[in-house]
Each structure stands twice: as structure tokens, then as C-alpha cells.
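The analysis underlying the following values was restricted to heavy atoms, covering all of them including side chains, and did not include hydrogens, waters or symmetry mates.
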There are 2 protein chains.
Amino acid sequence: MAGARALQKEKTRQAIIDAALMHLSAEHSFASMSLREVAREAGIAPTSFYRHFNDMEELGLTLVDESGLTLRELMRKARQRIEKNGSVINTSVETFMEFVERNPNIFRLLLRERSGTSVKFREAVAREINHFKDELTEYLMAESDYSHEYAYTLAEGLVTLVFNAGAEALDLNPIEREKLKERTILQLRFITFGAAAAKEKA
Amino acid sequence: MAGARALQKEKTRQAIIDAALMHLSAEHSFASMSLREVAREAGIAPTSFYRHFNDMEELGLTLVDESGLTLRELMRKARQRIEKNGSVINTSVETFMEFVERNPNIFRLLLRERSGTSVKFREAVAREINHFKDELTEYLMAESDYSHEYAYTLAEGLVTLVFNAGAEALDLNPIEREKLKERTILQLRFITFGAAAAKEKA
DNA sequence: AAAATTAGCGTACACTTGTACGCTAAATCT
DNA sequence: AGATTTAGCGTACAAGTGTACGCTAATTTT
């Protein structure tokens with residue numbers, strides 16, 4: 001048996017998740033979103049929501065996890081591109097900016113809940129960002145035999161700069177966005193170069 | 001005439017502003033704050049709120065401006081300390097972290113509304129942060145005769161790193177906070193050093 | 001075939017929200 | 001002194017919220 005009931009349940013669950021994601025925008029945050037709104041959009045009765053999530057918070061955490069998946073895909077894509085292209089910094093910035101342009105609302109979700117009012121949300125988002133930092137740390141250690149701490153510090157700086165540039169890009173037009181991208185690339189070069197140079201001296 | 005009426009009005013206005021600021025916390029954002037809540041806290045009738053602000057948004061923008069003042073004071077203090085102490089990077093990070101520790105809720109306000117749902121809010125916060133970038137840009141130009149664009153790119157990177165460290169510090173205990181501070185200082189050294197070195201090469 | 005489980009619905013309730021409207025008392029203006 | 005302005009209040013209302021509760025119809029288990 002395929003589980004006709006379980007199947008339908010999963011379908012509705014996805015409808016709820018999709019409805020919530022659709023409703024995210026520049027003007028509408030997850031925090032300002034009501035249970036009834038989501039239910040309406042998903043085409044179910046408000047009370048049916050509880051068959052799938054205890055809370056709006058529980059739904060929110062699910063959304064953050066889903067966004068994490070998209071983000072992980074992005075990382076994979078970036079790695080592939082780097083292998084073929086070579087330029088780590090340019091490709092990383094390029095790939096990340098592409099993600100932000102294509103999934104502005106998913107990015108907005110992470111961006112907002114990162115400093116939101118729920119501890120669990122903040123932790124969940126931090127966890128996602130840490131994936132980047134950790135992966136980058138390992139890459140840097142392999143590439144330039146930095147100590148773990150040294151590499152982590154550098155990785156943290158790099159991720160911060162890229163992530164922040166993504167946030168700023170959200171409100172910019174294509175021309176300004178391009179300029180921002182160039183500045184970001186330069187900043188990343190500075191910090192990696194500085195890290196390499198500072199290590200020499202030590 | 002001192003304007004007994006105008007005086008009382010100003011007093012109530014301040015009561016509203018203070019009430020709003022008091023209510024800000026890790027668990028309570030300005031966005032999730034209702035007009036009635038503020039009025040209650042300020043000790044006035046909900047409808048009296050309108051004698052002072054058209055909107056919660058208008059109050060919010062006022063708060064951001066007030067926070068800007070506090071921030072400006074911070075900058076002044078940092079400048080003074082730098083003159084006496086000498087170490088630009090250490091003193092800047094030290095001063096900023098002190099501000100975050102002492103005014104976590106004001107900082108949270110800026111942090112959250114920076115990515116909030118109101119365009120005006122986002123612009124207002126961006127304006128405040130730009131003060132830092134601009135001031136730092138001028139300093140860097142005077143110090144190391146960089147071009148304006150070059151200095152701005154560097155300044156932007158520095159401000160991003162410091163501001164972001166402040167955000168992360170909010171959720172950390174003193175020990176982790178100290179480690180974060182050290183990493184941040186290192187990151188700032190990397191990027192300034194890298195910028196100086198990259199310029200040499202050009 | 002009978003019994004048990006459950007996704008989804010509708011009704012209902014107690015709250016909270018923003019704000020329109022008209023009043024009052026005190027300060028200000030003429 | 002009389003007229004005007006206005007900060008603040010209370011009442012009132014329509015709209016939205018989360019969620020408790022009991023029902024139904026269909027799937028799943030026995």
C-alpha cells in the first residue's frame with residue numbers, strides 16, 4: 001500500500017509550505033504572517049493547519065530548513081563552477097548573487113529571522129550560515145595550510161562580506177548591483193590577500 | 001511665555017518614545033509592537049497617540065533617528081579614544097562592542113529594521129550606517145591617500161565586518177564575545193593590510 | 001465485516017487590533 | 001473677558017487573531 005492517506009497529508013503539508021513561501025516578499029515578512037493567512041492561501045480551514053504544525057514557529061523552522069536545502073544546492077553549484085572556472089572569489093560572489101536574485105524571498109526569510117524575536121529561528125539560521133563558514137574553512141586549510149582557527153577567522157570574514165552584500169543587493173537596481181558586486185570582490189581580495197600576507201610575517 | 005502646553009506635549013511625546021524603546025528586547029521587536037501597547041506603556045489613551053504621531057511607522061522612524069544620535073555620540077567617543085590611544089582598529093571594535101553591550105535594544109532596532117518590511121525604515125537605517133562609511137572613507141583617504149572609490153570600498157568592508165560582529169555578539173556569552181572580538185580585529189587587520197598591499201602593486 | 005484512526009471542516013469564543021467621533025478642560029490668542 | 005485651540009479621554013465598532021470542540025467521511029487496522 002502506498003498509503004493514500006499519508007500521501008494526501010504530505011500534499012497538504014507542501015501546500016502550506018508553498019503558501020507561506022509565496023507570501024514572503026519585500027513588504028510581507030514571515031513574522032507578520034498569520035496562521036489564518038497561510039491556511040487561506042493553502043486552501044484549507046484554519047484549524048486544519050494544526051494537523052500539520054503545532055505552531056507558526058514550527059512552520060517557520062521548516063521553512064528555514066527548506067531554504068537551507070536550496071542554499072546547499074547553491075554551494076554545490078559554486079564548487080562545480082570553481083573547478084571549471086578557477087577564480088574562487090569571482091565565482092563565489094557571482095553564484096551567490098545569482099541565488100539572491102533568483103530567490104529573493106527565501107533569502108529575505110533567512111536575513112530577517114537571523115535577527116528575529118525567536119531564539120530557535122536565530123539558531124536555525126545561524127546553523128545554515130555556519131555550513132558555509134565550515135566548508136570554506138576546510139577549503140582554505142587545504143589550499144593554504146592555515147591553522148584551523150586562522151582559516152576560520154578568514155572564512156568568517158569572507159562569508160560575512162558576501163552574505164551582507166546579498167542583503168544590500170536586494171534593494172538595488174541592476175547597475176548599482178553590479179557596482180556592489182565589484183566592490184565585494186575587491187573586499188574579498190583584500191581580506192584573503194591580507195590574511196596570506198599576515199601569515200608570512202608570523 | 002515658556003509655552004506650558006507645548007512643554008507638556010513634548011513630555012508626553014518623550015513618554016511615548018521611551019515606552020517604545022523600553023519595550024524593545026530580544027523577544028519583542030518594534031514590528032511586533034502595537035499602537036495600543038505603546039500607549040498603555042506610556043500611560044495615555046490609545047487615541048491620544050495620534051496627537052503626536054500619525055502612525056506607528058512615524059514613531060519608528062523617530063526611534064531610528066534617536067538611535068542615530070546615540071550612534072553619532074559613539075563615533076565621537078571613538079575618535080577621541082583613537083587620538084589618545086592610537087590603535088584605530090582595536091579602539092573602534094572596542095568602542096562599538098561597548099555600545100552594543102550597553103544599548104542592545106537600540107542596536108536590535110537598527111539591525112531588524114535594516115531588513116524589515118518598510119522601505120522608509122530600511123532607508124533610514126541605511127542612512128545611519130552610511131554616516132560611518134562616509135566618515136571612515138574620509139579618514140582613510142587622509143591617512144593613506146587612497147582614491148575615494150578605493151577608500152570607500154575598504155570602508156564599506158570594515159563597517160560591514162564590525163556591524164555584523166555586533167549583531168552576532170548579541171546572542172553570545174562574555175567569553176565567546178571576547179573571542180569574536182579578537183577574530184573581528186584580525187579580520188579588520190587582514191582587510192586593511194590587503195588593501196594597502198594591493199594598492200602597492202597597482 | 002467491524003472497529004479504530006484521522007485529515008479536514010464549521011462553529012464558536014474570547015481577545016486584540018486600529019481608528020472614527022465627540023466631549024472636556026485647560027492653555028492660548030484676540 | 002471672551003473666543004479659539006488643542007491634548008487627552010471614553011465609547012464604539014468592524015475586522016482580524018489563535019484555538020477549543022465536536023462532527024464527518026474516508027482510509028487503515030483488526
A/Glu10 with A/Arg5: basic N within carboxylate O range, under 4.0 Å: no

Sequence-distant partners of A/Asn90, side-chain contact (heavy atoms from CB on, under 4.5 Å), two or more places apart: A/Ser87, A/Ile185, A/Arg189

What N/O pairs connect the protein and nucleotides 12-16 of chain C at under 3.5 Å? Give each pair on its own line.
none

Grab the CG-C1' distance between B/Leu35 and C/dA20 for me, whole Å please. 14 Å

Atom-to-atom span, CD of A/Glu37 to C1' of D/dA15 - whole angstrom: 13 Å

What is the distance from CG of B/Asp55 to P of C/dA20, rounded to the nearest Å? 11 Å

Quick one: side chains of residues 24-33 of chain A, donor-acceptor pairs under 3.5 Å with protein atoms, not counting sequence neighbours, listed by atom name and distance.
| from | atom 1 | to | atom 2 | distance (Å) |
| --- | --- | --- | --- | --- |
| A/Ser25 | OG | A/Glu27 | N | 3.2 |
| A/Ser25 | OG | A/Glu27 | OE1 | 3.4 |
| A/Ser25 | OG | A/His28 | N | 3.2 |
| A/His28 | NE2 | A/Glu37 | OE2 | 3.3 |
| A/Ser29 | OG | A/Ala31 | N | 3.4 |
| A/Ser29 | OG | A/Ser32 | N | 3.2 |
| A/Ser29 | OG | A/Ser32 | OG | 3.4 |
| A/Ser32 | OG | A/Ser29 | N | 3.4 |
| A/Ser32 | OG | A/Ser29 | O | 3.1 |

Donor-acceptor list for residues 68-77 of chain B side chains, cut-off 3.5 Å, not counting sequence neighbours:
| from | atom 1 | to | atom 2 | distance (Å) |
| --- | --- | --- | --- | --- |
| B/Thr70 | OG1 | B/Glu66 | O | 3.3 |
| B/Arg72 | NE | B/Gly68 | O | 3.2 |
| B/Arg72 | NH2 | B/Glu128 | OE1 | 3.4 |

Can you find a heavy atom in the side chain of B/His23 that is under 4.5 Å from one in the side chain of B/Glu41? yes

Tell me if a side-chain donor or acceptor on A/Thr192 pairs with a main-chain N or O of A/Leu188 at a distance below 3.5 Å. yes

Considering only heavy atoms, which members of residues 57-64 of chain A lie under 4.0 Å from some atom of DNA chain C? none

Find the distance B/Met56:CE to C/dT19:C1' and express it as a whole number of Å. 14 Å

Contacts of A/Phe99 meeting ring pair (Phe, Tyr, Trp, His ring centres under 6.0 Å) (sequence neighbours excluded), chain-then-number -> none

Anything under 3.5 Å between a protein N or O and an N or O of nucleotides 7-10 of chain C, put it in a table, one pair a line.
| from | atom 1 | to | atom 2 | distance (Å) |
| --- | --- | --- | --- | --- |
| C/dA7 | OP1 | A/Lys9 | NZ | 3.4 |
| C/dA7 | OP2 | A/Lys9 | NZ | 3.4 |
| C/dA7 | N7 | A/Arg51 | NE | 3.4 |
| C/dG8 | OP1 | A/Gln8 | NE2 | 3.4 |
| C/dG8 | OP1 | A/Thr12 | OG1 | 2.4 |
| C/dG8 | OP2 | A/His52 | NE2 | 2.5 |
| C/dG8 | N7 | A/Arg51 | NE | 2.8 |
| C/dG8 | N7 | A/Arg51 | NH2 | 3.1 |
| C/dG8 | O6 | A/Arg51 | NH2 | 2.5 |
| C/dC9 | OP2 | A/Ala45 | N | 2.6 |
| C/dC9 | OP2 | A/Ser48 | OG | 3.0 |
| C/dG10 | O6 | A/Thr47 | OG1 | 2.9 |

Using the C1' atoms of the five pairs at each end, what is the angle between the end axes of the helix from C/dA1-D/dT30 to C/dT30-D/dA1, to 10°? 20°

Rounded to whole Å, CZ of A/Phe49 lies from C1' of D/dT17 at a distance of 14 Å

Could you label the plane-to-plane angle of the B/Phe96 and B/Phe132 rings as parallel, tilted or perpendicular, counting under 30° as parallel and over 60° as perpendicular? perpendicular

Between A/Tyr146 and A/Leu140, the two heavy atoms sitting closest are CD1-O, 4.1 Å

Sequence neighbours excluded, the answer for salt bridge (Lys or Arg N to Asp or Glu O under 4.0 Å) partners of A/Asp134 is none

Below 3.5 Å, can you tabulate the donor-acceptor pairs from side chains in residues 13-21 of chain B to any protein atom, sequence neighbours excluded?
none

So side-chain hydrogen bond (donor to acceptor under 3.5 Å, both in side chains) across residues 149-158 of chain A, not counting sequence neighbours, yields A/Glu156-B/Arg183, A/Glu156-B/Gln187

Report yes or no: do B/Ser118 and B/Glu113 form a side-chain donor-acceptor pair below 3.5 Å? no

Would you name the heavy atoms of B/Ser92 and B/Ile82 that are closest together and state the gap between them? OG-CD1, 3.9 Å

Sole candidate of A/Glu168, A/Glu101, A/Glu182 that passes salt bridge (charged side-chain N to carboxylate O under 4.0 Å, His left out) when paired with A/Arg177: A/Glu101

Can you list, by residue number, the residues of residues 18-27 of chain A that have a non-hydrogen atom closer than 4.0 angstrom to DNA chain D? none

